[in-house]
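Shown next, in structure tokens, is the structure this report addresses.
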Protein chains: 2
Amino acid sequence: MRNPSPGPSSPPGRTGRPRSAAADAAILAATREALVELGWSKLTMGDVSARAGVAKTTLYRRWAGKNELVVDAVAELFDALELPDRGSLEADIEHVVLQFAQLLGRPEARTALMAVVAESTRDPALRDRIRSAIVDRQKRLVVLGRERAQARGELPYEEDESLTGHTTDLIFDVIAGTVVHRALVSCEPVDELWVAAFTTLLMHGLRGAPGA
Amino acid sequence: MRNPSPGPSSPPGRTGRPRSAAADAAILAATREALVELGWSKLTMGDVSARAGVAKTTLYRRWAGKNELVVDAVAELFDALELPDRGSLEADIEHVVLQFAQLLGRPEARTALMAVVAESTRDPALRDRIRSAIVDRQKRLVVLGRERAQARGELPYEEDESLTGHTTDLIFDVIAGTVVHRALVSCEPVDELWVAAFTTLLMHGLRGAPGA
DNA sequence: CGAGTTACGCTACGGCTCGTAGCGTAAGAG
DNA sequence: CTCTTACGCTACGAGCCGTAGCGTAACTCG
């Protein structure tokens, strides 16, 4: 419950047999597959190892447990999110929200994301892992979208630069939190109508409150 | 996995020995206690029954499993939320957000809420239970706050009444989702400074976008 | 007050998953 | 060719699950 190294790649300068990168890919894919079929609570390490064609002990050599394994398996999904320049802040927001909602439509993402967050409330190490593997990586979308909007003149530049990070965090929590809540808690569709209403609300909020 | 009746109260006109309401209270309290100490994943039915001074079979006679039990145990916490009239929409929002954040500060609420939502993505019955026991009950706060604000003249009345429900849902998702995301995913404090910034953003959003 | 009905506590059980240990083998590094 | 590490396989004690069976307790109705 303490030692294993997280990823596929062992330090390059190591001696001995290297870890199989193919096995890593197979394990993460098998994990996602199992999440779809079984969900979080019924997913077992033994099941995943069997699907991946790998010994159960190999899983435990690389990941400390179910939690860590699933975080890595799901984090890959989130890297697919992109923010192409669609010409206006409004369009950019609508696009990324729809993209995010589509991701949350995938059963492996739905069930895994919430479960892992739940576990992280009692496990600081897992919390850090989620932060670095998912949260912080996706915050880039907000930073990028904001910079573009400022360059376009749609949003003012922050007066107090020390608050930039806080504003970014706020926007990130509003967008991600609202979409997740709509999709997973309220269980209502994130369709274009709803996205339009949400984006409108957010636009007014952003333009009305430049600084803090 | 299919039969038990959810609550303490058996239908009043029943014959035979009635269910012990005291046992119900003890079980739900024991569940919350176990959530604090063990978290979601390590909480077991046997442990809860021991804490409550009740046979394990009694738990299974009333709840289908861990999921249902925890939903009921946590739902009681959410009923503590209130919305006293603090004079302005802004103050009302800030107050309820802080109250909600304080609730999410309790470890039993943090871990249980996310975990149960995660499970609900694969269990429609559980989803309905969460809806009726938690989500729909707390939506009253939004409805009330909005009516007050409209009466004060702070918010316009909905032009198209058929959209009232949609607007309420949107506001609910924005507030609840953002606060949950801030507290449980980003793991940053929901202090008065942040609440002020969020409320400001929300106020501008609400005033700027009256209808859709 | 007795009969019927339901809840409760207790014990015991097969089945499953966990996480680890031990061993022999495979695959690179020097 | 040797050293080092990863891998596959087997086996294991431990813990929890969810249910069955039984005797007892509590309440309702005639």
Side-chain angles (χ1 to χ4, degrees), chain A residues 1-28 30-31 34-35 37-70 115 119 123 126, chain B residues 1-28 30-31 34-35 37-70 115 119 123 126:
Chain A
M1 204 58 109
R2 56 236 174 269
N3 59 317
S5 43
S9 56
S10 10
R14 276 279 279 281
T15 168
R17 177 177 178 176
R19 286 187 174 171
S20 161
D24 251 66
I27 291 171
L28 293 176
T31 303
L35 277 172
E37 290 182 24
L38 306 173
W40 163 267
S41 60
K42 295 184 181 175
L43 178 145
T44 73
M45 297 293 269
D47 190 311
V48 171
S49 71
R51 286 172 194 264
V54 163
K56 192 174 61 165
T57 44
T58 298
L59 263 75
Y60 282 104
R61 286 192 187 102
R62 307 191 186 197
W63 287 278
K66 198 164 132 174
N67 294 338
E68 288 77 8
L69 174 61
V70 171
E119 291 302 311
D123 184 343
L126 184 62
Chain B
M1 204 63 104
R2 54 236 175 269
N3 59 317
S5 43
S9 55
S10 11
R14 276 280 280 283
T15 167
R17 176 177 177 174
R19 286 187 173 171
S20 161
D24 250 60
I27 290 171
L28 293 176
T31 303
L35 278 171
E37 290 183 22
L38 306 173
W40 162 266
S41 60
K42 295 184 180 176
L43 179 146
T44 73
M45 297 293 270
D47 189 311
V48 171
S49 70
R51 287 171 194 265
V54 163
K56 192 173 62 166
T57 45
T58 298
L59 263 75
Y60 282 104
R61 286 192 185 101
R62 307 190 186 198
W63 287 278
K66 197 165 132 173
N67 294 338
E68 290 76 7
L69 173 60
V70 171
E119 292 301 311
D123 184 342
L126 184 62

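Protein chains get the first letters and strands the later ones, always in sequence-line order, with residue 1 at the start of each. Remember, predicted model here, so these are calculated numbers, not experimental data. Atom set for the values below is all heavy atoms of this structure, side chains included, hydrogens, waters and symmetry mates excluded.
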Of D:dG8, C:dG28, D:dT28, the nucleotide closest to the side chain of B:T15 is D:dT28
Counting distance only, does the side-chain N/O of A:K66 pair as donor-acceptor with the main-chain N or O of A:W40 below 3.5 Å?
-> yes
Tell me, do B:D123 and B:E68 make a side-chain contact under 4.5 Å, heavy atoms counted?
-> yes
Check if the side chain of A:R17 and the base of D:dA6 share a donor-acceptor pair of N or O atoms closer than 3.5 Å.
-> yes
Calculate the interatomic distance between A:Y60 atom OH and D:dT10 atom P; express it in whole Å.
-> 18 Å
In whole Å, what is the span from the NZ atom of B:K42 to the P atom of D:dC17?
-> 14 Å
Test item: A:L69 and A:I27 side chains (from C-beta on) under 4.5 Å apart, heavy atoms | yes
B:L43 or A:K56, whichever maps to the more 5' nucleotide of DNA chain D | A:K56
Return no unless some side-chain N or O of A:T57 is found under 4.0 Å from OP1 or OP2 of C:dT20.
-> no
Whole Å only: how far is the CZ atom of A:R61 from the C1' atom of D:dG8?
-> 8 Å
Write down the distance between CZ (A:R51) and C1' (D:dG8), rounded to a whole number of angstrom.
-> 20 Å
Closer to the 5' end of DNA chain C via nearest nucleotide, is it B:G16 or A:G16?
-> B:G16
Integer-rounded Å distance: C:dC18 P and A:L59 CG = 10 Å
Separation of C:dC18 atom C1' from A:M45 atom CE, nearest Å, is 10 Å
A:L43 CG to A:R51 CZ distance, which is reported to the nearest 0.5 Å = 8.0 Å
Give the rounded distance in Å between these two atoms: CD1 of B:I27 and C1' of C:dG9.
-> 12 Å
Integer-rounded Å distance: D:dT28 C1' and B:R19 CZ = 17 Å
